[in-house]
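Throughout, a chain's letter reflects where its sequence line sits, starting with A, and its residues are numbered from 1.
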Amino acid sequence: MSETPGISPLSADHQEPLRVVLAKLGFDGHDRGLKVVARTLRDAGMEVIYLGLRQTTDSIVAACEQEDADVIGLSMHNAGHLTLAPRMVQAVEEAGLGVPVVIGGIVPAEDVTVLIEAGVAVVLGPGASTEEVVAAVRAAVARQSPAR
Amino acid sequence: MNAPSLDELFESARTGNRRALGRLLTMVERQDDNAVLVSERAHRDAGQARVIGVTGAPGSGKSTITGRLAAVSGAARPAILAIDPSSPLTGGAILGDRIRMDNNVSSSTFIRSMATRGHAGGLAVAVPDAVRVLDAAGCNPIIVETVGVGQVEVTVAAAADTTVVVVTPGWGDAVQANKAGLLEVADVFVVNKADRPDAHGARRDLELMLDLGHRGDWRAPIVLTTATEGEGIDDLWSEIERHTSYLHHSGELIRRRCRRRRSEVTDRIELGLRDRALHIIDDQSGESTMVRVERHELSPAAAAEQLLATLIPDKPPEE
Ligand code: B12
Ligand SMILES: Nc1nc2c(ncn2[C@@H]2O[C@H](COP(=O)(O)OP(=O)(O)O)[C@@H](O)[C@H]2O)c(=O)[nH]1
Ligand SMILES: [Mg+2]
């Protein structure tokens, strides 16, 4: 979908409370971390739209549009991040959403720069503290230019 | 914000642009100054959709049922508005209704999750506005899911053409506090989780209660469902259809909608007054009155009367 005329001046302005879409892409069943993150973000005053397991880039984009989300959070544990994360970023760009993609889970250190270069906003790993999770999401949203 | 872009937004939403509709819903959800403009613009095209409320205790299966209903409705563009409580402590919320819906609904179903955002009174305005926007965008039917624990939530679900109340075997305890309120608004009862023991017992309880008295000439039917398996959902849909035609034939539809429109005005006045009331406290003279109360120079009663007088010159006579 291309940029829709008339929407840009009214585009998501990232007012509080932030609305966050959380999901797992594909067949990766590790959802413990995502559930922890959901509670963490809720406790930080955000509205978490929890999609859970087995999502596709299409279903995440659709949810983002319908929910007018400010940010997408994905959790990845099945070593598919180098393919899946850039695919998500691309889907977001194609839809003209202009929302940042934040990732957590198991990402080897050497892959982090690759993902950042591919357009992922932040990558967090095991042991990320509550404060780090909240700060990462807020920073990703803040860095996103308000005029989409 | 200027009018043309709002028109364009509505135009896009009408042609099925999810992002445009998503944005419009955010505007009414916030209930800021834009919300009034959006609400007014939506009013022009709204009034077509059928509104179905689904309420019941948390975990009773409302979301699973709602997703399935949207699918069996056979409608081209059904919409779901799923409302969950915000945390009173942090204002945040986990909106987990989609997880029970996504597998069952088609991509043409528009799902929006909404948090109560602390202000129970605001919900009574934000929800009708959201329904109005979905309606103006051409969605039909619009299914509104709310947790049936508080009075406001039940009232919100009851502001529908047809209200479905979901219970489960052994449900009585879960909604004890508001049992009467729930029973009163039901047009159709669902006993969900019929795969569990004693679903028939739950049905019997409901029948007994209905025997004690139901209002009007419509007796709420009771449908047993196992929503996770999709069992009984067709029956539920046909009872909703039957209620819809009852609404049409009896003239009840018009009466209901008239009542709904009136009460929305009342709700808006209440909310607007509360907002303005808080403003008069904020300003200079309000503050000095407050300080006098703090110093025990003025009684709270007298202070409230004084401040109210600046808002509404003449207090209406006591009823
Ligand atoms: C628990 C666990 C399981 C459980 C999962 C239960 C569940 N429902 O989640 C079970 C037993 C089912 C399981 C199965 C498998 N597992 Co496993 N599992 C783990 C284990 C031990 C812990 C994961 C966990 O829950 N951590 C706790 C949470 C809180 O931490 P977290 O997910 O990292 O999240 C934190 C951060 O990463 C971040 N974060 C995470 N997501 C997000 C998202 C956002 C938006 C943000 C901001 C932050 C953020 O914040 C969180 C809080 O700090 C890890 C090893 C490890 N040390 O990580 C292996 C691990 C992930 N599993 C692994 C594997 C291989 C598997 C299996 C394929 C095979 C197997 N050996 O059993 C299966 C696959 C199952 C499937 N269908 O996908 C590998 C993955 C290897 C890889 N990616 O290269 C790991 C790394 C073990 C290993 N060292 O080999 N597993
Ligand atoms: N056994 C059983 N579980 C159900 C049924 N319907 C829903 N559930 C489960 O009950 C839980 C709550 O369902 P959900 O639709 O989210 O309920 P809600 O909180 O009322 O919206 C989920 O785990 C569902 O899978 C049913 O008919 N039978
Ligand atoms: Mg629900």
Got more than 12 heavy atoms from elsewhere within 6.0 Å of CG, B:D282?
yes
Shortest non-hydrogen contact from A:A95 toward B:R19:
O-NH1, 3.9 Å
Hey, is B:R112 close enough to A:E65 for a salt bridge, meaning N to O under 4.0 Å?
no
Using non-hydrogen atoms only, which part of B:T15 is less than 4.5 Å away from chain A: side chain, backbone, both, or neither?
neither
Taking 4.5 Å as the heavy-atom cut-off, does anything in residues 26-53 of chain A contact chain B, and if so which residues?
A:A38, A:R39, A:R42, A:D43, A:G45, A:M46, A:E47, A:V48, A:I49, A:Y50, A:L51, A:G52
How long is the straight-line distance from CD of A:Q66 back to CZ of B:R23, given to the nearest 0.5 Å?
15.0 Å
Heavy-atom proximity to chain A below 4.5 Å, by part of B:I111
both
With a 4.5 angstrom heavy-atom cut-off, is it the side chain or the backbone of A:A63 that approaches chain B, or both, or neither?
both
A:E67 and B:S113 have their tightest heavy-atom pair at OE2-OG, 2.7 Å
Best-contacting candidate, B:A93, B:G22, B:S86, B:G96, against chain A by heavy atom pairs under 4.5 angstrom:
B:A93
